[in-house]
Asker: 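The structure's right below; bear with me while I get my questions together.
Residue numbers begin at 1 in each chain, while the letters A, B, ... track the order of the sequences.
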Number of protein chains: 2
Amino acid sequence: MTAAAHRLGRRPVDKVAARRSELAAAALKTLAERGYAQTGLRDIAQNSDFSHGVLHYYFADKTDLITHCVREYKERCATRYDEVVATATTAEELAAGFLRKLTETLTDEAPMHRLWYDLRNQSMFEPAFRADVAEIDLLLERMIGRIVTRYAELSGRTPQVAPPVVYAVFDGLFQQALLRQLAGVPSAAGELRAAVGQVLPHLVR
Amino acid sequence: MTAAAHRLGRRPVDKVAARRSELAAAALKTLAERGYAQTGLRDIAQNSDFSHGVLHYYFADKTDLITHCVREYKERCATRYDEVVATATTAEELAAGFLRKLTETLTDEAPMHRLWYDLRNQSMFEPAFRADVAEIDLLLERMIGRIVTRYAELSGRTPQVAPPVVYAVFDGLFQQALLRQLAGVPSAAGELRAAVGQVLPHLVR
DNA sequence: GATGCTCTTTGACGACTGTCAAGACTTCTC
DNA sequence: GAGAAGTCTTGACAGTCGTCAAAGAGCATC
């Protein structure tokens, strides 16, 4: 532990963690652009301020790097709708805010979403990814769960479908919309909006 | 065209197509085992009766091969529930048969399903795959659509949700179940059964 | 049996892969 | 300022990738 670290109240491990996070972010960017199958360590390094060797300094191997990428991804995505949930005062307002955020992220962050589906799929083949992927999937499930719970509250009804099922349903709808969006179908966001709007009322009673 | 081909009333192009199909089948097997990112042409050849060079004889390049794989996959999967649809005489019988087939294929053909999701995801990055993948997705959508239509008929009601939405919903449920199944969760099939059984009544009115 | 055609194997090419060691550069400690 | 510790670059390694040319094998035809 350095004196400077003492002075700033910051341990060296934080610096290492920060660099790791920085490199994982560069890796995420590359993976979102090219996909897991087409992404090498040198591609990732080129999207960062460092050379490819530094990756082996901060990560044991490629699997370790990808694992940290998944965790980095987690930090970003699990609070997307929390503000809407916190501020909405009616069921209609909540639904509208959810739909707005949902279609926004579909159009604005499509590459990031395809990366997530790519990594989640890799976990079907590579056991090393499974635990972290499952953890994020659970996080996302709870995020959706909070929306539906609040939606039920605001509309004076009760949730009728268990959170894992609700999440699977919305995830399926979103994935289909993402496929269309990336294929250049301009109506993808609108169709997603319509589909979710149609499904939402069925989840409470 | 050879004389033999004439005699048998079989054009040489059919032999070529048959071999292509055979190699694509070997490729599918390999892809289901190892995933797209970890599958090379030599791996595929080792799962066939031929050496790796023959792949370049029957396919222009790797993309061409994968495209044929997707089409080969199509031939197998789109009629899975047709018998159930044709023979069921009551809504309950249809639902039960659908659920049985659904959980059966989840447990017995999990590697093949993860391959499909892998290839569909690749199409988000590789435009060359998009058309064929979209075509299969449409086939699957119609397959699910036939079930719901018949289910509505048998129960004297009418479908309330458009086929693309129904397909997306079931696909999302199935994908979550597949993730759990491949992660070794023994209750995956049962949970899928429960979830689909819970959702199905909401689709008609 | 020789010829020509189709199919298949073999081996090699250049490029790329993940990994890692050696050294250079920076930063901190005393 | 010397030395140590931490950080980063460079270059190379063994292996794999997709691709393809050359030659061999199998077989029908003349």
Asker: How many whole angstroms separate atom NZ of A:K15 from atom P of C:dT26?
Answerer: 14 Å

Asker: Nearest whole angstrom, please: distance from the C1' of D:dG26 to the CZ of B:F50.
Answerer: 13 Å

Asker: With respect to the side chain of B:V16, which nucleotide from D:dT9, D:dT7, C:dC7 is positioned closest?
Answerer: C:dC7

Asker: Generate the contact string for nucleotides 14-19 of chain C. Rules: B means base contact, S means sugar-phosphate contact only, - means no protein heavy atom under 4.0 Å.
Answerer: ---BBB

Asker: When you match B:G53 and A:L55 each to their closest nucleotide on DNA chain D, which lands nearer the 5' end?
Answerer: A:L55

Asker: Determine, using ring centers only, whether A:F170 and A:F98 are less than 6.0 Å apart.
Answerer: yes

Asker: So what does A:Y58 hit on the nucleic acid, given a heavy-atom distance under 4.0 Å: a base, only sugar-phosphate, or nothing?
Answerer: sugar-phosphate

Asker: What nucleic acid atoms does B:D64 come within less than 4.0 Å of, heavy atoms only: base, sugar-phosphate, or nothing?
Answerer: nothing

Asker: Which heavy atom of B:T89 sits nearest to which heavy atom of B:L154, and what is that distance?
Answerer: O-CD2, 3.5 Å

Asker: Specify the separation, in whole Å, of atom CG of B:L23 and atom C1' of C:dC7.
Answerer: 12 Å

Asker: When the ring centroid of A:Y58 is compared with that of A:H68, is the distance short of 6.0 Å?
Answerer: no

Asker: Between C:dC7 atom P and B:R20 atom CZ, what is the distance in whole Å?
Answerer: 11 Å

Asker: Which residues satisfy the ring pair (Phe, Tyr, Trp, His ring centres under 6.0 Å) test with A:H52, sequence neighbours excluded?
Answerer: none

Asker: Are any of the side-chain nitrogens in A:R120 or A:D171 under 4.0 Å away from the carboxylate oxygens of its partner?
Answerer: yes

Asker: Under 4.0 Å between a side-chain N or O of A:Y57 and OP1 or OP2 of D:dT7?
Answerer: yes

Asker: Does the A:R80 side chain pair with the main chain of A:K101, one donor and one acceptor, at a distance under 3.5 Å?
Answerer: no

Asker: To the nearest Å, how far apart are A:R19 CZ and C:dT26 C1'?
Answerer: 12 Å

